[in-house]
Undergrad: 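One structure is given below, represented as structure tokens, and several questions about it will come after.
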Amino acid sequence: NAGVTQTPKFRVLKTGQSMTLLCAQDMNHEYMYWYRQDPGMGLRLIHYSVGEGTTAKGEVPDGYNVSRLKKQNFLLGLESAAPSQTSVYFCASTERTSGNNEQFFGPGTRLTVL
Amino acid sequence: RKEVEQDPGPFNVPEGATVAFNCTYSNSASQSFFWYRQDCRKEPKLLMSVYSSGNEDGRFTAQLNRASQYISLLIRDSKLSDSATYLCVVNIGNNRKLIWGLGTSLAVNP
């Protein structure tokens, strides 16, 4: 049981390049989330999904797209990377029926955009 | 006003000390409350949920005051391994979206 995994762990992009971050969970969780964490800003929700085939915008969705084609995977795409997207990206998941709302996080992806 | 506010610290305490953190939230419709712990360059992990009647887990005690809209975390007999950032988290909806505080940094010194 690997929990939540993220690929890649580190990445350096040039401005304008595109990339996809992959999140996978093996806990059969319905809900999945993408956050970014920046110094002094805390965790901010980018997009989330309440089930396979559904996605919704979070607090800071601009410049990102997501897809949830399979229940266990949640992809985050950057179509044209900008230096403002330099951040640590965390994926998380939780059960639909969980009373305590515990979110399980992946180890993060450290992205630098030059 | 931020939806969830915490004193960023850092709190520097000696081993064995008792330390308390407070957190205030602005949305009176907030439904559930949590403390997460985040170690340096690691992902957040749930420390404990916070229940209306207050709850304890070993050396950790969490309390909720709905009237004043704050929650607290008390750590007794601090250990070096307690050094981390403690994140106050609030849920205000049914879609499991969480609102995160910026965290309070704790350093426990030998």
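Everything numeric here is computed off the predicted structure, so don't read it as measured data. Below, chain A is the first sequence line, B the second, and so on; all start at residue 1.
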Undergrad: Hydrophobic clusters here meaning ILVMFWY residues chained together by side-chain heavy-atom distances under 4.5 Å, can you tell me if B:L74 and B:I71 are in one?
TA: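 No: no chain of side-chain contacts under 4.5 Å links B:L74 to B:I71.
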Undergrad: Quick one: do B:L73 and B:L106 end up in the same hydrophobic cluster if we chain Ile, Leu, Val, Met, Phe, Trp and Tyr together by side-chain heavy atoms under 4.5 Å apart?
TA: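 Same hydrophobic cluster.
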Undergrad: Do B:W100 and A:F90 make the cut of ring centroids closer than 6.0 angstrom?
TA: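 So the answer is no for these two rings.
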Undergrad: Taking every non-hydrogen pair under 4.5 Å, which of B:L102, B:V89, B:T85 racks up the most with chain A?
TA: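 Max contact count across the listed options: B:L102.
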Undergrad: Within this structure, what is the CZ-CD1 distance for the pair A:R44 and B:I99, rounded to the nearest 0.5 Å?
TA: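 Here the rounded value is 12.5 Å.
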Undergrad: Could you pull out the closest heavy-atom pair between A:R110 and B:R41, with the gap in Å?
TA: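 What the structure gives for the nearest pair is NH2-O, 3.0 Å.
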Undergrad: Just so I understand: if I count every heavy-atom pair under 4.5 Å between each of B:P44, B:G103, B:G101 and chain A, which residue has the most?
TA: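 Most pairs with chain A among the choices: B:P44.
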Undergrad: Can you confirm whether more than 12 heavy atoms, excluding those of A:M27, are under 6.0 Å from its CE atom?
TA: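 Yes.
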Undergrad: Quick test of your reading: applying salt bridge (Lys or Arg N to Asp or Glu O under 4.0 Å), list the pairs with at least one residue in residues 59-82 of chain A, sequence neighbours left out, ordered by first then second residue.
TA: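 Every salt bridge (Lys or Arg N to Asp or Glu O under 4.0 Å) pair that includes a residue of residues 59-82 of chain A, provided the two are not neighbours, is A:E30-A:K71.
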Undergrad: Out of A:A92, A:G106, A:A56, return the one with the most heavy atom pairs under 4.5 angstrom to chain B.
TA: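 Looking at each option in turn, the highest pair count goes to A:G106.
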Undergrad: If Ile, Leu, Val, Met, Phe, Trp and Tyr residues are connected whenever their side-chain heavy atoms lie under 4.5 Å apart, and connections chain through other members, are A:Y31 and A:Y64 in the same group?
TA: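 No; tracing contacts between hydrophobic side chains, which count when under 4.5 Å, never links both residues.
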Undergrad: Within a radius of less than 6.0 Å around CD of B:Q63, do more than 12 heavy atoms belonging to other residues, nucleotides or ligands occur?
TA: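 Open: at most 12 neighbouring heavy atoms sit under 6.0 Å from CD of B:Q63.
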Undergrad: What is the distance from atom CG of B:L98 to atom OG1 of A:T94, rounded to the nearest 0.5 Å?
TA: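 If we round to the nearest 0.5 Å, B:L98:CG and A:T94:OG1 are 8.0 Å apart.
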Undergrad: Using heavy-atom distances under 4.5 Å, tell me whether A:L45 contacts chain B through its side chain, its backbone, both, or neither.
TA: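 For A:L45, side-chain heavy atoms alone lie under 4.5 Å from chain B.
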Undergrad: Any side-chain heavy-atom pair from A:Q103 and B:Y36 closer than 4.5 angstrom?
TA: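 Counting from C-beta outward, A:Q103 and B:Y36 do come under 4.5 Å.
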Undergrad: Within a reach of under 6.0 Å around CZ of B:F60, are more than 12 heavy atoms found that belong to other residues, nucleotides or ligands?
TA: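 Yes, the 6.0 Å shell around CZ holds more than 12 heavy atoms from other groups.
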